[in-house]
Visitor: 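Below are the structure tokens for one structure; questions will follow.
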Amino acid sequence: MPADFFNDITVQPHTDSSLACKYFDGKAWQVSRSGKTVSVMSPADASLVGTLQIVTHEEIDEALLKAKKAQIAWEHTPLHARVKIVHLASDWIRQFEEYLTALLMREVGKTHDDAKSEILRTADLMDYFADEAQSIKGETLDSDNFPGFDKGRIALIERAAQGVVLCIAPFNYPINLAASKIAPALLMGNAVVFKPPTQGGIIGVHLTQAFVKAGVPEGVISCLTGGGAEIGEYLVSHPMVDMVAFTGSSETGVAIASKAPMKPLLFECGGNNPSIVLPDADMMLTAREIVKGSFSYAGQRCTAIKYVLATPEVMEKVIPTVEKTMDELIHEGDSRSPETKMVGPVVSEKVAQEIVDVIEEARIQGGVVLRGGTRKGAVVSATLLSNVTPSMRVVSCEIFGPVLSFVTVKDTAEAVSIINGSTYGLQASVFTKDEGTGLVVAGTLNTGTVQINGSPQRGPDHFPFLGIKHSGVGVQGVRYSLEAMSRLRPIVINKPS
Ligand code: NAP
């Protein structure tokens, strides 16, 4: 551990192999008065990565009170000063990239390349947010455009902060999807209460320290740890929370939306993304995108491809090409090994068993397991299922693991109808050499984004990113997130007549 920088985030003494983390109350790193902690075990080797404090409701109240008090002064801090702080925090992340990469590998079971890329992408994203914030501006509107009005008024429309933003991140990109909320919230003048995921909370504590050391003033950021089930509802429904920015499963999203009535929400939830392969598709490109899209980070990506729709003739070509591509690209095993390209462990052995159970359920219902379907510890083997129908759980629910299903349809219209009938609506892909046809099909799909000839993905991060239906609320992407983290404040000047 880089001792000086991160020293105060842990209870002393500690060992590098197990970090007993404190929580940040807005002013200082603290041990909770609850006397309770939660252990974070590594999906890679089941070792203890460290412990997180479980904060009490009283400690939440105290942090929120500090945030409420500090927010107004922070909003009045010149933007250029806020920008400087966010740039400095991203510099710190780059400075400690190697240490943070190793920690992320251990804490959430990422391969070296995946972990490193998340750390560096986080720093890049924060810089981009800081740069873009400087071009967010208000506008003026004249009154006489609207029938019945003369030039008697002018509206000055400013962007104001939302207030105190609760930022809740998921385990699968615990630093990136925390920074993607914290940075725009701070830049737009909000105070942040950060609730990291339990698995991913240790990297979350480190991220908080980067902001603290970069100079975020007292009260403006806090990091409150503890299980979502224990402190989540209290946080989202708290009267001092003005906005909730959340990434996580659709189930949690739906549950917490009901606890935060009338609060602005920015939610990214479950994916369950389909791909339609048309007869003229470039099979090599399609297979490569499908394999990368399905099995990177063991399928634990909201944008992972979960099922492929094609007619019987197309399916006869897609399946063998996907299998061949898997042989080339996938090396299963220990996620800490740099040779492991695609498939490491899922988040826990318990989740691995649940995934294997859903595969078995599909098999009993008539699905054919072409490969995989087993697990060793938390590593689920990359699985292909054919003869699958949309009502099977493996297609109707988001299975957060390395499982890809093939659903045979009679035509494109049936594929579109299956996709539009899903409760999810994050992204979809259409593979065809005819981009005109791709555009037509894309125009009929009810998902946030449609990719033509590419697997679903979040980046580049300045593109709009949104889910519809149970996949999300609101729009993210650099400019869109900055706008969402602020509100319009029109001030109307009534001119003397
Ligand atoms: P999760 O179980 O829903 O948890 C997400 C976050 O919510 C965690 O910080 C969790 O804390 C917290 N939480 C749990 N219950 C809560 C409650 N009642 N009130 C408030 N907070 C609560 O999701 P996950 O397993 O970490 O992440 C995987 C899911 O996220 C997948 O469904 C994936 O598709 C989705 N995701 C979506 C996107 C997107 O952009 N659309 C991106 C990434 C991930 P604890 O960890 O302490 O329980």
Side-chain angles (χ1 to χ4, degrees), residues 23 37-41 43 52-55 60 107-109 118 166-178 180-181 193-205 223-238 241 244-260 263 265-273 297-306 346-348 350-351 354-355 397-401 423-427 447-449 456-459 461 463-477 480-481:
Y23 79 98
T37 58
V38 55
S39 298
V40 180
M41 312 306 288
L52 295 166
Q53 302 293 316
I54 301 178
V55 300
I60 292 174
E107 191 177 13
V108 295
E118 182 177 345
L166 170 63
C167 299
I168 305 179
F171 84 84
N172 62 337
Y173 289 90
I175 182 162
N176 185 265
L177 293 177
S180 71
K181 297 167 183 56
V193 173
F194 171 36
K195 157 49 199 118
T198 297
Q199 195 90 36
I202 296 178
I203 198 90
V205 161
C223 178
L224 304 180
T225 52
E230 283 156 296
I231 61 167
E233 187 177 325
Y234 190 75
L235 275 167
V236 293
S237 60
H238 202 289
V241 166
V244 184
F246 163 82
T247 304
S249 64
S250 300
E251 294 72 26
T252 309
V254 168
I256 66 177
S258 69
K259 306 287 178 200
K263 291 183 185 179
L265 305 177
L266 190 57
F267 277 20
E268 11 176 77
C269 301
N272 212 30
N273 311 289
Y297 188 31
Q300 297 175 112
R301 296 160 53 245
C302 59
T303 49
I305 297 178
K306 295 297 176 189
V346 296
V347 66
S348 66
K350 180 172 166 281
V351 169
E354 286 165 9
I355 293 168
C397 300
E398 181 191 40
I399 308 302
F400 221 48
T423 51
Y424 299 90
L426 190 62
Q427 296 207 357
T447 57
T449 301
Q457 52 194 289
R458 192 188 176 89
D461 286 300
F463 283 12
F465 183 74
L466 66 153
I468 61 172
K469 300 190 267 184
H470 280 201
S471 290
V473 181
V475 183
Q476 306 201 54
Y480 309 97
S481 301

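Indexing begins at 1, ligand by ligand and atom by atom, following the structure's order. Residue numbers run from 1 in the order of the sequence given.
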Visitor: Could you tell me whether Glu354 atom CD has more than 12 heavy atoms of other residues or ligands within 6.0 Å of it?
Guide: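 Result for CD/Glu354: enclosed.
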Visitor: Using non-hydrogen atoms of the residue, decide whether Gln476 is closer than 4.0 angstrom to ligand 1.
Guide: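 The answer is no, since Gln476 has no heavy atom less than 4.0 Å from ligand 1.
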Visitor: For atom 13 (N) of ligand 1, what's the nearest protein heavy atom and its distance?
Guide: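 Here the nearest protein heavy atom works out to Gly228 CA, 3.6 Å.
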Visitor: Who's closest to atom 46 (O) of ligand 1 heavy-atom-wise, of Thr198, Val38, Asn176, Ile54?
Guide: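 Among Thr198, Val38, Asn176, Ile54, the closest heavy atom to atom 46 (O) of ligand 1 belongs to Thr198.
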Visitor: Among all the protein's non-hydrogen atoms, which is closest to atom 5 (C) of ligand 1, and how far away is it?
Guide: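 The protein heavy atom lying closest is Thr247 O, 3.6 Å.
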Visitor: Please confirm whether the backbone N or O of Val347 pairs with a side-chain atom of Gln300, one donor and one acceptor, at under 3.5 Å?
Guide: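 Judged by distance alone, yes, a pair lies under 3.5 Å.
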Visitor: Go through ligand 1 atom by atom and flag the ones less than 4.0 Å from a non-hydrogen atom of Arg458.
Guide: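 Atoms satisfying the 4.0 Å criterion: 40 (O).
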Visitor: Output the list of atoms in ligand 1 that are nearer than 4.0 Å to some heavy atom of Asn172, sorted by atom number.
Guide: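 Counting atoms of ligand 1 from 1, those under 4.0 Å from Asn172 are 43 (C), 44 (C).
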Visitor: What are the atoms of ligand 1, with element, lying closer than 4.0 Å to any heavy atom of Gly227?
Guide: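 So the answer, numbered in order with elements, is 47 (O).
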Visitor: Whether the side chain of Tyr23 engages the backbone of Val55 through a donor-acceptor N/O pair (distance < 3.5 Å, no angle test) should be reported.
Guide: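 Looks like no, no N/O pair under 3.5 Å.
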Visitor: Tell me whether Gly226 reaches ligand 1 (any heavy atom closer than 4.0 angstrom to a ligand atom).
Guide: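 True for this residue.
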Visitor: Are the side chain of Gln427 and the backbone of Gln457 linked by a donor-acceptor contact shorter than 3.5 Å?
Guide: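 Yes.
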Visitor: Which of the numbered atoms in ligand 1 are below 4.0 angstrom from a heavy atom of Gly271?
Guide: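 Once the distances to Gly271 are compared, the set is 34 (O).
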Visitor: What distance separates Lys469 NZ from Thr447 OG1, expressed to the nearest 0.5 Å?
Guide: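 Reported value, rounded in 0.5 Å steps: 8.5 Å.
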Visitor: Working to the nearest 0.5 angstrom, can you tell me the gap between Phe463 CZ and Thr449 OG1?
Guide: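 Going from CZ on Phe463 over to OG1 on Thr449, the span is 10.0 Å.
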Visitor: Can you tell me if Cys269 has a non-hydrogen atom under 4.0 Å from ligand 1?
Guide: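 So Cys269 counts as touching ligand 1.
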Visitor: Can you tell me which portion of Leu177 lies within the under-4.0 Å heavy-atom range of ligand 1? Options are side chain, backbone, both, or neither.
Guide: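 Near ligand 1, Leu177 shows its side chain, while the N, CA, C and O stay back.
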Visitor: Name the closest protein heavy atom to atom 36 (N) of ligand 1, giving the residue it belongs to and the distance to 0.1 Å.
Guide: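 Going atom by atom, the protein heavy atom closest to atom 36 (N) of ligand 1 ends up being Cys302 CB, 3.6 Å.
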Visitor: Do you know the tightest heavy-atom contact between Ala304 and Gly299?
Guide: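 Distance-wise, the nearest heavy atoms are CB-O, 3.9 Å.
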Visitor: Quick one: nearest non-hydrogen protein atom to atom 28 (C) of ligand 1, plus distance?
Guide: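 Residue, atom and distance for the closest contact: Phe400 CE2, 3.5 Å.
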Visitor: Should Ala169 be listed as contacting ligand 1, given a heavy-atom distance under 4.0 Å as the test?
Guide: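 Per 4.0 Å heavy-atom rule, Ala169 contacts ligand 1.
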Visitor: Is Phe246 close to ligand 1, meaning an N/O of one under 3.5 Å from an N/O of the other?
Guide: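 No - when backbone and side-chain N and O of Phe246 are compared with those of ligand 1, no distance drops under 3.5 Å.
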Visitor: Is the side chain of Lys181 donor-acceptor paired with the backbone N or O of Phe194 at a distance under 3.5 Å, no angle test?
Guide: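 No; judged by distance alone, with no hydrogens or angles, the pair does not exist.
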Visitor: Only heavy atoms of Glu233, strictly under 4.0 Å: list the atoms of ligand 1 that pass.
Guide: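 Listed by number with element: 19 (N).
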Visitor: Looking at atom 12 (C) of ligand 1, what's its closest protein heavy atom, distance included?
Guide: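 For atom 12 (C) of ligand 1, the nearest protein heavy atom comes out as Ile168 CG2, 3.8 Å.
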Visitor: Would you confirm whether Lys263, through its side chain, and Val241, through its main-chain N or O, come within 3.5 Å as a donor-acceptor pair?
Guide: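 Yes.
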Visitor: Under 4.0 Å from a heavy atom of Ser249: which atoms of ligand 1 are those, numbered in the order shown and with their elements?
Guide: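 Ligand 1 atoms under the 4.0 Å threshold to Ser249: 1 (P), 3 (O), 23 (O), 29 (C), 30 (O), 32 (O).
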Visitor: Would you say the side-chain atoms of Ser250 pair up with the backbone N or O of Gly270, donor to acceptor, closer than 3.5 Å?
Guide: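 Present.
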Visitor: Which protein heavy atom lies closest to atom 27 (O) of ligand 1, and at what distance to 0.1 Å?
Guide: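 Of every protein heavy atom, Pro170 CB, 3.4 Å lies nearest to atom 27 (O) of ligand 1.
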Visitor: Looking only at N/O atoms, are Thr252 and ligand 1 under 3.5 Å apart anywhere?
Guide: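 By distance alone, the answer is yes.
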Visitor: Keeping the roles fixed (side chain from Glu233, backbone from Lys259), state whether a donor-acceptor pair exists under 3.5 Å.
Guide: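 No: the side chain of Glu233 does not pair with the backbone of Lys259.
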Visitor: Is it true that Tyr173 lies under 4.0 Å from ligand 1, counting heavy atoms only?
Guide: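 For ligand 1, residue contact (heavy atoms, under 4.0 Å) with Tyr173 is absent.
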Visitor: Is a side-chain N or O of Glu268 found less than 3.5 angstrom from the main chain of Gly474, in a donor-acceptor match?
Guide: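 Such a contact is absent between Glu268 side chain and Gly474 backbone.
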Visitor: Has the side chain of Glu107 got a donor or acceptor atom that lies under 3.5 Å from a matching backbone atom of Ile203?
Guide: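 Here the side-chain-to-backbone pair exists.
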Visitor: Looking at ligand 1, does Gly472 have a heavy atom less than 4.0 Å from it?
Guide: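 Outside the 4.0 Å threshold, so no.
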Visitor: Give the residue and atom name of whichever protein heavy atom lies nearest to atom 32 (O) of ligand 1, and the separation in Å to one decimal.
Guide: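 The answer is Glu398 OE1, 2.6 Å.
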Visitor: How long is the gap from CG on Asn273 to CZ on Arg301, to the nearest 0.5 Å?
Guide: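 So the gap between those two atoms works out to 8.5 Å.
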Visitor: Considering only non-hydrogen protein atoms, determine which one is nearest to atom 40 (O) of ligand 1 and report residue, atom name and distance to 0.1 Å.
Guide: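 Among all protein heavy atoms, the one nearest atom 40 (O) of ligand 1 is Phe465 CE2, 3.0 Å.
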Visitor: Just distances here: any N/O of Ser250 and N/O of ligand 1 closer than 3.5 Å?
Guide: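 No; the residue has no nitrogen or oxygen that sits under 3.5 Å from a nitrogen or oxygen of the ligand.
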Visitor: Working to the nearest 0.5 Å, report the span between CD of Glu230 and CD1 of Ile54.
Guide: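 Atom-to-atom, Glu230:CD and Ile54:CD1 are 4.5 Å apart.
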